[in-house]
Amino acid sequence: REFTFIHDEL
Amino acid sequence: MNLFRLAGDVSHLLAIIILLLKIWRTRSCAGISGKSQILFALVFTTRYLDLLTTFISFYNTTMKVIYIGCSYATVWMIYAKFKATYDSNHDTFRMEFLVIPIAALSLLVNHDFAPLEILWTFSIYLESVAILPQLFMVSKTGEAETITSHYLFALGLYRALYLMNWIWRFFAEGFFDLIAIVAGLVQTILYCDFFYLYITKVLKGKKLSLPA
């Protein structure tokens, strides 16, 4: 499992 | 990117710049909580570690770098450059009462038990309450300079605009991040009392002072 969360907000 | 989020980011940037300019131009950080500013520096540092791992956009990277840079500049002005004007007697909130429980909470409630993700979660939770030392200081002294209340208003408005951005994103993209939403709600609620005073007093040209 290589899922990382991308947080595209500031 | 939607209009609410852009307005939120601009409001956030404006708040940070208002504070920097206020301190720089008056050569004084009187009435400003250094503890809140340390907490915000910690918030930005732990949240934006993804600068090193993920590229999202030029806008995203630029804003992150500006937020981090300004936040450290503010801490430096309060604790070094204009230290003599720092009102430490009134800045008595205990940071560990926020940081320790929040560190524990971010270990327990997160999207993924991974170091960067836990630090991101920590920063979201911490941001929601990082203004408390400043609000505590205002309530302790019973007043705030008008420029300080503009800063607080812009800073509070930013998360309120993000709440609208999240409603927008839920309907437009089916996107929602429960951790950010709940923390953002808490953060905005903490400002409500201040918003009331700001609208009823500061916008009518009066200084923000609390009833004795």
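Chain identifiers are assigned alphabetically (A, B, ...) following the order of the sequence lines, protein sequences preceding nucleic acid strands; residue numbering begins at 1 within each chain.
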Do Met1(B) and Glu9(A) come within less than 4.5 Å of each other through their side chains, counting heavy atoms only?
no
Would you say that His7(A) contacts Leu116(B) through its side chain, given a criterion of any heavy-atom pair below 4.5 Å between the two side chains?
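The answer is no, as the side chains (C-beta and beyond) never meet within the 4.5 Å cut-off.
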Sub-4.5 Å heavy-atom contacts with chain A: which residues of [range] show up?
{"range": "residues 147-168 of chain B", "answer": "Tyr158(B), Arg159(B), Tyr162(B), Asn165(B), Trp166(B)"}
{"range": "residues 51-59 of chain B", "answer": "Thr54(B), Ile56(B), Tyr59(B)"}
{"range": "residues 33-49 of chain B", "answer": "Arg47(B), Tyr48(B)"}
{"range": "residues 175-203 of chain B", "answer": "Phe175(B), Asp177(B)"}

So does Leu3(B) have more than 12 non-hydrogen atoms from other groups sitting under 6.0 Å from CG?
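For Leu3(B), atom CG is not crowded (no more than 12 foreign heavy atoms under 6.0 Å).
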In terms of heavy-atom proximity below 4.5 Å to chain A, should Asp50(B) be classed as side chain, backbone, both, or neither?
side chain
Looking at NZ of Lys64(B) and CG of Leu10(A), how far apart are the two atoms once the value is rounded to the nearest 0.5 Å?
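The NZ atom of Lys64(B) sits 6.5 Å away from the CG atom of Leu10(A).
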